[in-house]
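Here is how names work: the chains are called A, B, and so on, in the same order as the sequence lines, proteins then strands, and each is numbered from 1.
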2 protein chains.
Amino acid sequence: MADALEPEQLETYFALMEAVSLLQHAVEQQLRAEGDLSYVQFQLLARLAGAPERRLTMTELADGVVYSRSGLTHQAGLLEKAGLVTRGPSPEDQRSTLVTITEDGVARVDKVLPGHVRVARGLLFDPLSDRDLHALGDIMARVRDHMRAQPPRSAASRRRAT
Amino acid sequence: MADALEPEQLETYFALMEAVSLLQHAVEQQLRAEGDLSYVQFQLLARLAGAPERRLTMTELADGVVYSRSGLTHQAGLLEKAGLVTRGPSPEDQRSTLVTITEDGVARVDKVLPGHVRVARGLLFDPLSDRDLHALGDIMARVRDHMRAQPPRSAASRRRAT
DNA sequence: TATTGTTATACTCTATAACTATA
DNA sequence: TATAGTTATAGAGTATAACAATA
């Protein structure tokens, strides 16, 4: 339990943060240029496209993507205005809103996906061996699951009322 | 050269993006709560605190942290207004602005650092073995260097005039 | 009473373009 | 002419708090 991170931890932390920052920036440029989408919007559409009946409730949709309910309402409103999703009441729970991706929405995802993949491959995967890829995937999945399980911080803030 | 990423690449990519998103969010919460700083502002102060004479030119300071010149001017203005840095002309090149961190600025970094380290350790390093840490550090350093060297996208946009 | 979602509002961050001044 | 930095401005994203409706 030292006060500071050890030098190797520090280097790793900074390398991770800078690399992902560069990756995020490149991905957002590509999505904006080729599909007029932010990364958050892309994530929302991609989730919907992969959902059982191409629809999810707002709460399900928010999970892991957005950190405030109003933020999701705002983004869903933008996607709806663009004709990429529709919103309607849920028959099961009248409080819920069902968000459904439209054909245009699916088409938009399909349109940006190749470029997205190209950027991810060119920046992230090109310099990695199969062995590296496997190690990185294993490590980050473990880290992600650990982070999801952490109660203290915002990850679970959806639950907070006040 | 397939069109899509292979499944393992896709999982790795999403795990990386989600984990870092959670980490970024947690770090920004901590920096804001304990030091009223954004992550970008923290990075700028940390760089200045580590610089030879605790000062850098705007261009040096921007490198790798910010993607537009005006963005840095804005952030430097905020830091100056908060008394954490001072700005003055460079004696060597009259076009340059030298940004110097103040004692208050150094104190602010010192104030938030323990909490920052606590968050990084709790979220990122706790679930990793020494072996994992070493592998992650090696991989991300390689990825970062590869990304820095990529010309096409925004990483080098500082150079662009028009 | 707790949960789902929206609204209104305010704030921060970022980026583009036009501009000044120096090399 | 090219570079360093600022300004003005506009747009996007995000979050808080107050609110309405349903469970």
Side-chain angles (χ1 to χ4, degrees), chain A residues 21 24-26 28-29 31-33 35-44 56-63 65-82 85-99 153-162, chain B residues 21 24-26 28-29 31-33 36-44 55-63 65-82 85-99 153-162:
Chain A
S21 170
Q24 287 173 335
H25 196 254
E28 291 194 355
Q29 296 250 109
L31 289 174
R32 183 63 68 191
D36 198 29
L37 293 174
S38 68
Y39 183 64
V40 166
Q41 290 162 359
F42 169 75
Q43 282 183 96
L44 296 175
L56 294 170
T57 66
M58 293 290 282
T59 296
E60 291 167 341
L61 191 52
D63 194 52
V65 176
V66 153
Y67 297 97
S68 76
R69 292 171 297 167
S70 64
L72 178 57
T73 296
H74 180 234
Q75 291 301 328
L78 293 178
L79 292 175
E80 188 174 42
K81 199 187 302 177
V85 306
T86 59
R87 280 185 292 183
S90 166
E92 297 172 1
D93 185 333
Q94 298 284 35
R95 294 173 303 182
S96 293
T97 296
L98 276 177
V99 185
R153 303 209 168 269
S154 52
S157 63
R158 275 166 277 114
R159 309 295 175 196
R160 265 189 341 183
T162 306
Chain B
S21 170
Q24 286 173 334
H25 195 254
E28 292 194 355
Q29 295 250 109
L31 289 174
R32 184 61 68 190
D36 197 29
L37 294 173
S38 69
Y39 183 64
V40 166
Q41 290 163 357
F42 169 74
Q43 282 182 97
L44 296 175
R55 62 188 193 191
L56 294 170
T57 67
M58 293 291 282
T59 295
E60 291 167 341
L61 192 51
D63 193 52
V65 175
V66 153
Y67 298 97
S68 74
R69 291 171 298 166
S70 63
L72 178 57
T73 296
H74 180 236
Q75 291 301 329
L78 293 178
L79 292 175
E80 187 174 41
K81 198 187 306 177
V85 306
T86 58
R87 280 186 290 185
S90 166
E92 297 172 359
D93 184 336
Q94 297 283 34
R95 295 172 301 180
S96 293
T97 296
L98 277 177
V99 184
R153 303 208 169 270
S154 51
S157 64
R158 274 166 279 115
R159 309 293 174 197
R160 263 188 343 185
T162 307

Side chain to side chain contact (heavy atoms under 4.5 Å, CB included) filter on Glu28(B), not counting sequence neighbours, yields Tyr39(B)
**Message:** Any donor-acceptor pair under 3.5 Å linking the side-chain atoms of Gln43(A) with those of Gln75(A)?
**Reply:** no
Take the protein atom [atom1] of [X] and the nucleotide atom [atom2] of [N], then report the distance between them rounded to whole Å.
{"X": "Gln75(B)", "N": "dC13(C)", "atom1": "CD", "atom2": "P", "value": "5 Å"}
{"X": "Asp63(A)", "N": "dG5(C)", "atom1": "CG", "atom2": "C1'", "value": "16 Å"}
{"X": "Leu31(A)", "N": "dG13(D)", "atom1": "CG", "atom2": "C1'", "value": "15 Å"}

Tabulate protein N/O versus nucleotide N/O from nucleotides 20-23 of chain D, keeping only pairs under 3.5 Å, one per line.
from: dA23(D); atom 1: OP1; to: Gln94(A); atom 2: N; distance (Å): 3.0
from: dA23(D); atom 1: O4'; to: Arg95(A); atom 2: NE; distance (Å): 3.4
from: dA23(D); atom 1: O4'; to: Arg95(A); atom 2: NH1; distance (Å): 3.4

Contacts of Glu80(B) meeting side chain to side chain donor-acceptor pair (under 3.5 Å) (sequence neighbours excluded), chain-then-number -> Arg87(B)
Base, sugar-phosphate or nothing for [X]? Non-hydrogen atoms, less than 4.0 Å.
{"X": "Ser90(B)", "answer": "nothing"}
{"X": "Thr73(B)", "answer": "base"}
{"X": "Glu28(B)", "answer": "nothing"}
{"X": "Leu61(B)", "answer": "nothing"}
{"X": "Leu78(A)", "answer": "sugar-phosphate"}

Phe42(B) meets the ring-ring contact (aromatic ring centres under 6.0 Å, His included) criterion, sequence neighbours left out, with His116(B)
Review item, nucleotides 8-10 of chain C N/O atoms under 3.5 Å of protein N/O:
none

To the nearest 10 degrees, the angle between the two end axes of the helix from dT1(C)-dA23(D) to dA23(C)-dT1(D) (five pairs per end) comes to 0°
